[in-house]
Amino acid sequence: MNTNITIIGAGLGGLVLARVLHVHGIAATIYEAEPSAMARTQGGQLDIHEDDGQVALAAAGLTDEFRAIIHSGGEALRILDQHASLLYEDVDDGTGGRPEVLRGDLRRILIESLPAGTIRWGAKVIDTLSLGDGRHRVVLADGSSVETGLLVGADGAWSKVRPLVSDATPQYSGITLVETYLHDVDDEHPEAAGVVGDGAMFALAPGRSISVHREANAVLHTYAAVVEPLDWFTGLDVTDPAGIATVMTGFADWAPALTALITDHDATPALRPIHGLPIGHEWSHRSGVTLVGDAAHLMPPAGDGANLAMIDGADLGLAIAAHPDDLDAAIASYEQTMFPRSRAAADDSAGMQELLYGDRAPQSLVEFFTGTHARVAAEG
Ligand SMILES: Cc1cc2nc3c(=O)[nH]c(=O)nc-3n(C[C@H](O)[C@H](O)[C@H](O)COP(=O)(O)OP(=O)(O)OC[C@H]3O[C@@H](n4cnc5c(N)ncnc54)[C@H](O)[C@@H]3O)c2cc1C
C-alpha cells in the first residue's frame, strides 16, 4: 500500500494537520491506535489561546464550529493556600481571550471535518523504518505495513516516529499527578463547588498542589500533584482507598474542603506521571519525516501543549500547501518556525513548574498573576 502523506496519531496535532491539508485539497491518512473516535473519554477542558490554538483553528476553517463549543465562565481563576484561604481571584468577564472548550468536543469537530476514511482506527504503529530517499515504512501491530512519501509523527509522548529523527526520550519530571473527578457538583458536592468557583482553582504549598477545573456540565476535574521519585509510586493503586490514603499522607495538614476533592472522588482515579523531552529538543532535518505536538516537544503541562500541537499541525499543513511539489522544503520551513517556538514554550513550562511547586508557592503564583513576579525575580 502506498500513500503520500501518512500521519501517525489522531490527537489534536494530527487532526489539525489532516484538516488543513484537506482544506487545501491535499489528501492524507491518519493511523490511530484507538479503536474508534469514542473509545476513550477525552477528559479535560482546554483554554484555546489567541496566538496559537485559535490561529490553528482558523487555518482549519473551523472558527465557527469552535465558537459553538466554548464553555463560558471557564476563565475564572482562584489561588488558595493549603488552608483554603483565598489569596487571589479573577472573574471571567469575557475579555480574557482564552475561551475554554472540552477536549472531547474539540476533537469531535476536527474528526467530523475530515472526509470519511481519513482516519484508520485501531491501527497501532509498532515500528518505523527508513527506506532511503525520504521514504519510510510504518509497521502496524496487526502485521501489515505502509510505505509513505512523507511520515508525520503526531503520536504524542511515546512517539514511534521520533527515533527516526532523534535519540531523545522523555524523562520523568519529578511530579506525578493524581487525577480525580466529581460530578453533578452543585447538588452532590456543593462545598467542593463553592471552594473551586466558576473556573480554575489552584491550592498550593511548596512541593504539593491541588488544582481543579470546573468543567461544563457541573464537573470538577482535579489533579493532586505529588513531588516524589517514580519509585515512590511503585505498587500504589489509586483505584483502591488505601492507595488514595497513601497519597493523602502528603496533604495531612490541608483543609478538609480541599482534600475532599480527592478523597470524595466519584470516578476511577488515575496516576499521571509527568515527563518531558529536553528543553530545546531539535534534530537535523531528515528527508520525508517530521514530528508535531508532544512527539516533538513534550513538556510538563503549563496550559499550552494542546495549543502548540494544533499550531504545529496548522503550520506544517500550510507549509505543505505552499510547497506541494517539494515536501522537504515544506518540512524545513515548518521546523524553522516550530523549533524556536517550542523552546520558548518549554522554558515557560519550566518556569511554571517552579511557580507551582517551588519553595515560594503559593505566593510565587499570586505574584505571577498580579504582575509582581518579574519585579520580585529581578530583586532576587
Ligand atoms: C495532566 C495534563 C494536563 C494538561 N492540560 C493541558 C491544558 O490545560 N492545556 C493544554 O493546551 N495542554 C494541556 N496538556 C498537554 C496536552 O494534553 C498535550 O500537549 C496535547 O494533547 C498534545 O497533542 P498531540 O496531538 O501532540 O498528542 P496526543 O494528544 O498525545 O495525541 C496522540 C495520539 O496518537 C495516538 N497514538 C499514540 N501512539 C500511537 C501508536 N503507536 N500508533 C498509533 N497511534 C498512536 C494516541 O492514541 C493519540 O490519539 C496537558 C497534559 C497533561 C498530561
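This structure is a prediction, so every number in the text was calculated from the model and none was measured. Both ligands and their constituent atoms are indexed starting at 1 by order of listing.
Here the shortest heavy-atom distance to atom 19 (O) of ligand 1, taken over Leu15, Asn307, Asp294, belongs to Asp294. Nearest to atom 46 (C) of ligand 1 by heavy-atom distance, out of Met299, Gln45, Glu100, Glu32, is Glu32.
Of all the atoms in ligand 1, the ones that sit under 4.0 Å from a non-hydrogen atom of Tyr31 are 43 (C), 44 (N). For ligand 1 and Gly11, the ligand atoms under 4.0 Å from any heavy atom of the residue are 25 (O), 31 (O), 33 (C), 49 (O). The ligand atoms of ligand 1 that sit less than 4.0 angstrom from a heavy atom of Gly305 are 10 (C), 11 (O), 12 (N), 15 (C), 18 (C), 19 (O). Listed by atom number, the atoms of ligand 1 under 4.0 Å from Ala123 heavy atoms are 42 (N), 43 (C). Each of the atoms 6 (C), 7 (C), 8 (O), 9 (N), 10 (C) of ligand 1 lies under 4.0 Å from some heavy atom of Leu46. Close contacts of ligand 1 with Lys124, meaning ligand atoms under 4.0 Å from a residue heavy atom, involve 42 (N). Interface of Ala154 with ligand 1, defined as ligand atoms under 4.0 Å from a residue heavy atom, comprises 32 (C), 33 (C), 34 (O). Atom numbering of ligand 1 starts at 1 in the shown order; those under 4.0 Å from a heavy atom of Gly303 are 7 (C), 9 (N), 10 (C), 11 (O).
By the 4.0 Å heavy-atom criterion, Lys160 is counted among the residues contacting ligand 1. Ligand 1 is never approached by Ala157 to a heavy-atom distance shorter than 4.0 Å. Using a non-hydrogen distance threshold of 4.0 Å, Gly44 does not register as a contact of ligand 1. Using a 4.0 angstrom heavy-atom cutoff, Arg98 does not count as in contact with ligand 1. Under a 4.0 angstrom heavy-atom cut-off, Arg103 registers as being in contact with ligand 1.
At a 3.5 angstrom cut-off on N or O pairs, Leu177 does not count as close to ligand 1. Some N or O of Leu12 is nearer than 3.5 Å to an N or O of ligand 1, by distance alone. Polar contact with ligand 1: absent for Asp47 (N/O pair, distance under 3.5 Å). The shortest N/O to N/O separation between Gly9 and ligand 1 does not fall below 3.5 Å. In terms of N/O distances under 3.5 Å, ligand 1 is not approached by Gly293.
In Glu179, neither the side chain nor the backbone holds a heavy atom less than 4.0 Å from any atom of ligand 1. At a heavy-atom cutoff of 4.0 Å, ligand 1 is contacted by the side chain of Arg107 but not by its backbone. With a heavy-atom cut-off of 4.0 Å, Trp158 does not touch ligand 1 at all. At a heavy-atom distance under 4.0 Å, atoms from both the backbone and the side chain of Ala33 approach ligand 1. Heavy atoms of Ser159 found under 4.0 angstrom from ligand 1: none, in either backbone or side chain. Contacts of Ala309 with ligand 1, taken as heavy-atom pairs under 4.0 Å, involve the side chain alone.
Between Trp158 and His275, the ring centre distance stays below 6.0 Å. Taking the six-membered ring for Trp, Trp283 and His281 have ring centres closer than 6.0 Å.
The number of heavy atoms from other shown groups lying within 6.0 Å of CG (Asp253) is above 12. Heavy atoms of other residues, nucleotides or ligands lying less than 6.0 angstrom from CD of Glu89 number more than 12.
In this structure, the side chain of Ser159 does not engage the main chain of Ala295 through any donor-acceptor pair within 3.5 Å. A donor-acceptor pair under 3.5 Å links the side-chain atoms of Asp142 to the main chain of Ser144, judged by distance alone.
Closest of all the heavy-atom pairs between Asp264 and Leu182 is O-CD2, 3.2 Å.
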Derivation of the side chain to side chain contact (heavy atoms under 4.5 Å, CB included) call for Ile274 and Tyr172: CA-CA 6 Å; Ile274 301 301; Tyr172 178 57; 5.6 Å; no
Steps toward side chain to side chain contact (heavy atoms under 4.5 Å, CB included) verdict (Thr148, Asn4): CA-CA 5 Å; Thr148 182; Asn4 279 328; over 6 Å; no
CA sep, side-chain torsions, deciding dist, call: Arg341, Asp52, side chain to side chain contact (heavy atoms under 4.5 Å, CB included): CA-CA 10 Å; Arg341 176 173 61 217; Asp52 46 23; 5.7 Å; no
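Tested against Ile119 for a side chain to side chain contact (heavy atoms under 4.5 Å, CB included), the candidates Ile7, Thr29, Leu114 yield a single pass: Leu114. For the side chain to side chain contact (heavy atoms under 4.5 Å, CB included) with Val125, the lone residue among Val139, Val161, Val138, Thr6 that qualifies is Val138.
Salt bridge absent: Asp51 and Arg98 never bring a charged side-chain N and a carboxylate O closer than 4.0 Å.
Judged by the 6.0 Å and 45° rule, Arg78 forms no cation-pi pair with Tyr88.
Residues Ile210 and Val247 fall within the same hydrophobic cluster, defined by Ile, Leu, Val, Met, Phe, Trp and Tyr side chains chained together at heavy-atom separations under 4.5 Å.
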